Participant: 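One structure follows; several queries about it will come next.
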Protein chains: 2
Amino acid sequence: MLPSEDKYLTNVSYDTVIFGFTGEELKILILEYQNSGLFALPGGYIRRDENLLDAAKKGVMKRTGLKKIHLEQFHTFGKLNRSNPEPSKQIAKGLGYEMPENHWVLDRFITIGYYSLINYNLVKPTPNKFSDSINWYSINNLPPLMMDHEEIVNKALEAIKNDLGTKLFGTNLLPEKFTMKELRKVYETILNKKLRRTTFQRKILGMDILKRHEKLYTGAANKAPYLYSFDKEKPKKS
Amino acid sequence: MLPSEDKYLTNVSYDTVIFGFTGEELKILILEYQNSGLFALPGGYIRRDENLLDAAKKGVMKRTGLKKIHLEQFHTFGKLNRSNPEPSKQIAKGLGYEMPENHWVLDRFITIGYYSLINYNLVKPTPNKFSDSINWYSINNLPPLMMDHEEIVNKALEAIKNDLGTKLFGTNLLPEKFTMKELRKVYETILNKKLRRTTFQRKILGMDILKRHEKLYTGAANKAPYLYSFDKEKPKKS
DNA sequence: GCCTTATTGTATCAATCTGCTACAATAAAC
DNA sequence: GTTTATTGTAGCAGATTGATACAATAAGGC
C-alpha cells in the first residue's frame, strides 16, 4: 500500500499551486490529510517511466477532474532543512500504516514547483487516498501549511505576477466568455493593485488578442458590457 | 573513487551555465572528459548534507576559482529521455574505472539548471578530476554537447534575456569600472540586437544605478569616455 | 413614455517615454 | 593648428500612458 521504491524516483517530488478565481479573490487548492491536521499543496512523486511534467499534469488532472490543463514550472526547492520526515510519518499513522524508519519517502526531497491557472467553476476537487479533503482557500487566508509549502505558494504568486502579460493572459482563470471588467479584476487581484479602467481597456484591446461577442444583459440598470473571448492567434505586443 | 550513494542524493543533479563576456561575445565554460571526446556543462551531485544552491555554488567556485559568485536558478529538466547511462560509462572507462551496471550514477537524473554571470578575466578555469580540460566556448560555436546540455544552454540564454533589466543588470560580466559602450555591448550581445547608443545611455543613466568616475584615456584619438560602476543602491525603475 | 442611476465604450488632451538627428566637446595623431 | 573618431547631451517628432470627460445605454420608478 505504501509507494514502492522500484516505481518512483527517489529524493525528488513535485508540488503544484493550483489557482482559481472566484470573481473577487484568488484561491488555491489545499489538501488536508486524514487524522493528522496537516495541510499541504497537492503534489507527488515521479514514476520512473514518466516525464516530470507529465507526472505533475497527471496529479493536477486527478485533483481537479479537468482534462486540459496548462502547467508552468516556476522554481525548484532544495534547501537541506525543507525536508522533514515527521509529516509523512503522521500521515501514515493517520492512515493506519506502519512506516518503516528507513522508508524512501522519509528521506530528503527536492521538489519542483508548478503553478496552474484554472477555471474555478469547472473544478471538482477530488481528494486522493491519503487525504480526506481538498478545498479552496483564499491566498489571504491560508491554513498553516506543512514544511516549506507556504514559501512555495509565495514563489508561485511572484511567478504569476511576472508572467502576466507575457506567458500568461489571465484568461485561463475565467470562463470561455468574459467581460472586460472581469478580466481587469483578474489582473488587479494578481498584481494586487488597482488598474485604471480606461487605460486597461485600451491596452488590452490594442493587443489584439480578444474577440468580441454579444452583449451581456445582467439585469442591472445600466449599459450592458460586451463579452470577449481569448483569440488563439497573434499575441502581438505586451 | 566512484561517488558513493551514502553521501549524495540520488536521481538529482545540477548543471551550470557559466557566462563570461570577452568584449565581443558571450562565452560559456565547457568541460571535456578524458579519453571520451564528450563535452558537458559543469555540474554535479548534491551531497545529502548541503543545500541545493550551495552544491551548485561550490561547483562554480571550484571551476572558476572565484570566491564570490551569484547564481540564478532558471529551469529544472526532467524528461524521461534526457538520461542516458552511456556518457557516464564512457567517462568512467576513459578514467580506467570499472562502473557496475547498476551504479546510481547510471540511473535516471532530474537536473536543476543555474546560470552565473562572471568576469571573464578573473576566471582560472579549473578542470575536475574526471575531466582533462575546461574551456571557454563562444555560444555561437559550441562543441556537440552530451545529452540535453544544448537545450539547457538555450534555456539559460532565454532566461538571461528575460532577467536583463530586472534581476540582472549585466554589470557582473564586466570589471568593477566600465564604460557606457562596454555596458551597451553586453546588452546588445545578450539581447542579440543593436541598441540605439543615445537612447541606451539616457535610459541607463535615468535608472540611477550607476556611479560616475574619472575618464578613461585609452590613447585613441577621440574624446575619452567616463568610467562607471554599479551603485549598490536604489534600483528604481526598469 | 420620461426621468433617474450606474456602468460601459471611447474620445480627448496633457504628461511621459522612445526613436532619431544634430551638434558641441574632446583626445590624440599628423 | 588641423583632422578624425568618439562621447555626452540637447532637441524634436511620434508613440504610449495617465487622467478627465462625455455620450450611449439597461432597467427601475413614476
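Values below: every heavy atom of this structure, side chains too, minus hydrogens, waters and symmetry copies. Throughout, protein chains are lettered first and strands after them, A, B, ... in sequence-line order, and every chain is numbered starting at 1. Keep in mind that this is a model prediction, so the values were computed, not measured.
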Participant: Between A:A220 and B:R184, who's closer to the 5' end of DNA chain D by nearest nucleotide?
Facilitator: B:R184

Participant: Would you mind telling me which of C:dC20, D:dG8, C:dA28 lies closest to the side-chain atoms of B:R196?
Facilitator: C:dC20

Participant: Let me know the distance between CZ of A:R197 and P of C:dT8, rounded to the nearest Å.
Facilitator: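 About 7 Å, once rounded to whole Å.
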
Participant: Quick one: A:Y217 OH to C:dT8 C1', roughly how many Å, whole number?
Facilitator: 12 Å

Participant: NA contact type, B:R212, heavy-atom cut-off 4.0 Å: base, sugar-phosphate, or nothing?
Facilitator: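 Contact class for B:R212: sugar-phosphate only.
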
Participant: Find the distance B:K203:NZ to C:dT16:P and express it as a whole number of Å.
Facilitator: 18 Å

Participant: Looking at A:K215, I want to see if its NZ is surrounded by more than 12 non-hydrogen atoms of other residues, nucleotides or ligands under 6.0 Å.
Facilitator: yes

Participant: Nearest to the A:A224 side chain among D:dT17, D:dA26, C:dT8, which nucleotide is it?
Facilitator: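 Selected nucleotide (nearest to the side chain): D:dA26.
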
Participant: From CZ of A:F200 over to P of C:dG9, roughly how many Å is that when rounded to an integer?
Facilitator: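 After rounding, the reported distance stands at 12 Å.
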
Participant: Whole angstroms only, please: what is the CE-P distance between A:M207 and D:dT17?
Facilitator: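 Taking CE of A:M207 and P of D:dT17, I get 11 Å after rounding.
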
Participant: Can you check the A:L216 CG to C:dG9 P distance for me, whole Å?
Facilitator: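 These atoms are roughly 10 Å apart.
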
Participant: What nucleotide, of D:dT7, C:dA28, C:dG9, holds the atom closest to the side chain of A:Y226?
Facilitator: C:dG9

Participant: Does NZ belonging to B:K57 count more than 12 external heavy atoms closer than 6.0 Å?
Facilitator: no

Participant: DNA chain D: A:T198 or A:N222, which has the more 5' nearest nucleotide?
Facilitator: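 Mapping each residue to its closest nucleotide by heavy atoms, the 5'-most match is A:T198.
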
Participant: Figure out the CE/C1' separation between B:M180 and D:dT7, and round it to whole Å.
Facilitator: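 The answer, rounded to whole Å, is 11 Å.
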
Participant: Is it the case that the base of D:dG18 and the side chain of A:R202 share a donor-acceptor contact (distance under 3.5 Å, atom types as modelled)?
Facilitator: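 Under the 3.5 Å cut-off, the side chain and the base do form a donor-acceptor pair.
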
Participant: Taking only side-chain N and O atoms of A:K215, does any of them lie within less than 4.0 angstrom of OP1 or OP2 on D:dA26?
Facilitator: yes

Participant: Would you check if there is a donor-acceptor pair between the side chains of B:H213 and B:S229 at a distance under 3.5 Å?
Facilitator: yes

Participant: Would you say the side-chain atoms of B:H149 pair up with the backbone N or O of B:L41, donor to acceptor, closer than 3.5 Å?
Facilitator: yes

Participant: Taking B:T16 for its side chain and B:P42 for its backbone only, find out whether a donor-acceptor pair lies under 3.5 Å.
Facilitator: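 Checking the backbone N and O of B:P42 against the side chain of B:T16, a donor-acceptor pair under 3.5 Å is found.
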
Participant: Can you tell me the distance, in whole Å, between the CZ atom of A:F178 and the C1' atom of C:dT8?
Facilitator: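 Rounded to whole Å, this separation is 16 Å.
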
